[in-house]
Amino acid sequence: MPDRAPQPVDRLLPTDEARDLLTLVRDIAQREVAPRAAEEEEAGRFPRELFTLLSESGLLGLPYDSEYGGGDQPYEVYLQVLEELARARLTVALGVSVHTLATYPLAAFGTKEQHAEHLPAMLGGGLLGGYCLSEPSSGSDAASLRTRAVRDGDDWVIDGTKAWITHGGVADFYTVMARTGGEGARGISAFLVPGDAAGIGAAAPEKKMGMKGSPTAQVHFDGVRVPDARRIGEEGQGFAIALSALDGGRLGIAACAVGVAQAALDEAVGYATERRQFGRPIADFQGLRFMLADMATQIEAGRALYLAAARLRDAGRPFGRQAAMAKLHCTDTAMRVTTDAVQILGGYGYTADFPAERYMREAKVLQIVEGTNQIQRMVIARHLAGPETR
């Protein structure tokens with residue numbers, strides 16, 4: 001497989017510190033992440049040591065408060081870091097995004113005492129998080145979850161099964177949504193559960209078409225005892241916390257999607273300018289040139305959309321509609337662009353000797369995670385026309 005160093009994306013960054021940060025991330029991505037990506041994905045190997053490196057480099061807590069070990073970076077910058085990591089290997093970028101998602105409930109809704117006790121290790125202490133909302137029978141209909149937490153003195157006892165959990169079985173902590181009251185959204189609370197708590201077990205990782213290096217597994221809670229001091233927010237506030245976290249998480253997925261699409265475009269351009277047919281590079285043929293132009297335009301549009309949503313978030317303004325739009329557009333773009341990259345490479349694009357086929361397989365999951373793209377359309381439509389009538 002040809003070894004082509006990707007050209008830096010032309011970025012408009014808010015500070016010199018942010019520019020230095022992106023330079024560091026590109027260096028780590030090209031030196032430590034990309035060279036092992038194809039081999040480790042094929043082997044299904046989870047690169048835990050890379051997350052240790054990212055934690056030591058201050059990259060697992062970028063959008064959080066420096067008082068507790070975070071990076072004090074705006075979402076506008078954090079998402080561009082994710083994009084660069086995804087360009088090198090989606091497993092790593094998605095892992096950072098999920099860790100950030102799992103950290104958000106405590107960072108945003110926890111008490112000062114909880115912040116002081118838990119955030120330093122979560123942000124820069126080498127820990128890796130998982131986010132437990134979905135269940136075998138409740139995915140898009142997350143408010144129907146059945147995992148239950150029952151009060152027992154100063155503790156809660158959690159029983160149930162969570163499904164499709166990124167880092168399931170390897171996470172150091174899980175942010176868990178469990179039912180503490182009646183049916184529906186208002187009966188759900190949030191808990192910070194240690195990954196090694198007694199009664200936690202994980203099933204074998206799912207066998208997936210892509211993202212093989214990222215473990216996705218069911219996590220079982222069998223009488224897991226958690227102190228009330230690890231409850232996040234008020235009783236019954238858990239579903240609202242979960243939805244608030246998902247707005248930011250959708251932007252993380254959008255940025256990851258743009259990174260994968262950019263990697264596919266890089267590969268397609270490199271191949272098209274080197275591959276010769278009929279006596280000239282295939283990049284000379286207008287049909288193919290137009291494909292490349294469309295791919296690049298879609299990527300730039302996706303990048304602009306996720307950054308616009310991030311700037312609203314950074315300004316403290318509502319951004320849920322824009323986050324859904326960014327997730328929808330960017331992940332659909334990644335699917336189109338990676339498919340076109342395979343087509344441009346022709347037969348070679350269908351082989352594992354080139355990364356285009358891996359990008360296409362990985363892009364598909366981004367249309368599903370953190371709310372399917374059909375759910376994103378529902379969210380956008382509700383902002384435009386109000387809730388559906390029953």
With no hydrogens and no angle check, is any side-chain donor or acceptor of S214 less than 3.5 Å from a backbone partner on M211?
no
Looking at H167 and G129, would you say the former's side chain and the latter's main chain have a donor-acceptor pair under 3.5 Å?
yes
Do T331 and N373 have side-chain atoms, one donor and one acceptor, less than 3.5 Å apart?
yes
Donor-acceptor contact below 3.5 Å, side chain D314 vs main chain P74
no
Between R303 and D10, is there a side-chain N and carboxylate O pair less than 4.0 Å apart?
no
Between the main-chain N or O of T147 and the side-chain N or O of E135, is there a donor-acceptor pair closer than 3.5 Å?
yes
A quick test of your reading: do over 12 heavy atoms of other residues, nucleotides or ligands sit less than 6.0 Å from CZ of R317?
no
Please check if atom CG in L384 has more than 12 non-hydrogen atoms from other residues, nucleotides or ligands closer than 6.0 Å.
yes
Is the closest side-chain heavy-atom distance between I253 and L94 below 4.5 Å?
yes
Residues P136 and A163: closest non-hydrogen pair is N-CB, 3.6 Å
Do side-chain atoms of Y64 reach the backbone of Q73 as a donor and acceptor pair under 3.5 angstrom?
no
When every non-hydrogen atom of V77 is compared with those of A18, the smallest separation belongs to CG2-CB, 3.8 Å
Apply the salt bridge (charged side-chain N to carboxylate O under 4.0 Å, His left out) test between R45 and each candidate in E42, E41, E49; give the one that qualifies.
E49
According to a hydrophobic-cluster definition based on side-chain heavy atoms being under 4.5 Å apart (Ile, Leu, Val, Met, Phe, Trp, Tyr only), do M291 and I299 belong together?
yes
Note: A197 and V224 closest approach over all heavy atoms is CB-CG1, 4.0 Å
Would you please say whether a donor-acceptor pair under 3.5 Å links the side chains of Q298 and D294?
no
With a cut-off of under 6.0 Å to the ring centre and 45° to the axis, is R313 in cation-pi contact with Y75?
yes
Hydrophobic cluster membership, with links at side-chain heavy-atom distances under 4.5 Å among I/L/V/M/F/W/Y: are I232 and I165 in one?
no
Between the main-chain N or O of L192 and the side-chain N or O of R230, is there a donor-acceptor pair closer than 3.5 Å?
yes
Should the heavy atoms of other residues, nucleotides or ligands under 6.0 Å from CZ of F285 be counted, would the total exceed 12?
yes
K162 and S134: side-chain donor and acceptor closer than 3.5 Å?
no
Donor-acceptor pair, distance only, cut-off 3.5 Å: does the side chain of R179 make one with the backbone of G184?
yes
Chi angles and distances behind the salt bridge (Lys or Arg N to Asp or Glu O under 4.0 Å) call for D159, R225
CA-CA 9 Å; D159 289 281; R225 189 170 289 271; over 6 Å; no
Distance check, rounded to the nearest 0.5 Å: L62 atom CG versus L79 atom CG?
10.0 Å
Min side-chain heavy-atom separation V369-W164 under 4.5 Å
no
Is there a path from W156 to Y174 through hydrophobic residues (I, L, V, M, F, W, Y) whose side chains come within less than 4.5 Å of each other?
yes
Do any N or O atoms from the side chain of R276 and from the backbone of G279 form a donor-acceptor pair under 3.5 angstrom?
yes
Within 45 degrees of the ring normal and closer than 6.0 Å to the centroid, is that where the cationic atom of R148 sits relative to F221?
no
Between CG on residue L243 and CE on residue M177, distance to nearest 0.5 Å
9.0 Å
Looking at R19, I want to see if its CZ is surrounded by more than 12 non-hydrogen atoms of other residues, nucleotides or ligands under 6.0 Å.
yes
Side chain proximity check, R250 to V379, heavy atoms < 4.5 angstrom
yes
Go through it in stages, so that I can follow the logic: the residues are D141 and S144, the test is side-chain hydrogen bond (donor to acceptor under 3.5 Å, both in side chains), and I'd like the CA-CA distance, side-chain angles, deciding distance and then a yes or no.
CA-CA 6 Å; D141 183 15; S144 66; 3.3 Å; yes
Heavy-atom side-chain contact between L128 and T52 under 4.5 Å
no
Show your reasoning for whether side-chain contact (heavy atoms from CB on, under 4.5 Å) applies to L82 and V96.
CA-CA 7 Å; L82 283 187; V96 175; 3.7 Å; yes
Could you check F173, F51, Y78 and say which one makes a ring-ring contact (aromatic ring centres under 6.0 Å, His included) with H99?
F173
I'd like to know if the side chain of K327 and the backbone of Q322 have a donor-acceptor N/O pair within less than 3.5 Å.
no
Are side-chain N/O atoms of Q7 and D266 paired as donor and acceptor at under 3.5 Å?
no
Where does the angle between the aromatic ring planes of Y104 and F109 fall among parallel (under 30°), tilted (30 to 60°) and perpendicular (over 60°)?
perpendicular
For R146, is there an ion pair with E183 - N to carboxylate O distance below 4.0 angstrom?
no
Approximate separation, where rounding is to 0.5 Å, of E113 CD and H118 NE2
10.5 Å
Hphob cluster co-occupancy, L307 + V81, side-chain heavy atoms under 4.5 angstrom
yes
Give me the atom names and distance for the closest heavy-atom approach of L305 to H329.
CD2-CB, 3.7 Å
Count the heavy atoms belonging to other residues, nucleotides or ligands that lie under 6.0 Å from CD of E235, then report whether that count exceeds 12.
yes
Between the side chains of T339 and R336, is a donor N or O closer than 3.5 angstrom to an acceptor N or O?
no
For the residue pair R186 and F239, establish whether any side-chain heavy-atom pair is separated by less than 4.5 Å.
no
Is there side-chain contact between V92 and L54, with at least one heavy-atom pair below 4.5 Å?
yes
Flag for T180-S189: side-chain donor and acceptor within less than 3.5 Å:
yes
Would you indicate whether the side-chain heavy atoms of D155 and V226 approach each other to under 4.5 Å?
no
Could you walk me through whether R358 and E362 pass salt bridge (Lys or Arg N to Asp or Glu O under 4.0 Å), step by step?
CA-CA 6 Å; R358 172 164 60 88; E362 292 177 341; 3.7 Å; yes
Here the pair of heavy atoms bringing Y68 nearest to K112 is OH-O, 4.4 Å
Locate the shortest heavy-atom distance separating S55 from L60; write the atom from each residue and the value.
CB-CD1, 3.7 Å
Please check if atom CD in E388 has more than 12 non-hydrogen atoms from other residues, nucleotides or ligands closer than 6.0 Å.
yes
Just so I know, are the side chains of L21 and L59 near enough to count as touching, which here means a heavy-atom distance under 4.5 Å?
yes
Could you tell me the separation between the CG atom of L85 and the CD1 atom of I28, rounded to the nearest 0.5 Å?
8.0 Å
Grouping I, L, V, M, F, W and Y whenever their side-chain heavy atoms are under 4.5 Å apart, do L251 and L13 come out in a common cluster?
yes
Side-chain donor or acceptor of Q376 paired with backbone N/O of G371 under 3.5 Å
yes
Y348 atom OH: more than 12 heavy-atom contacts under 6.0 Å
no
Are E206 and K212 ion-paired here, with the side-chain N under 4.0 Å from a carboxylate O?
no
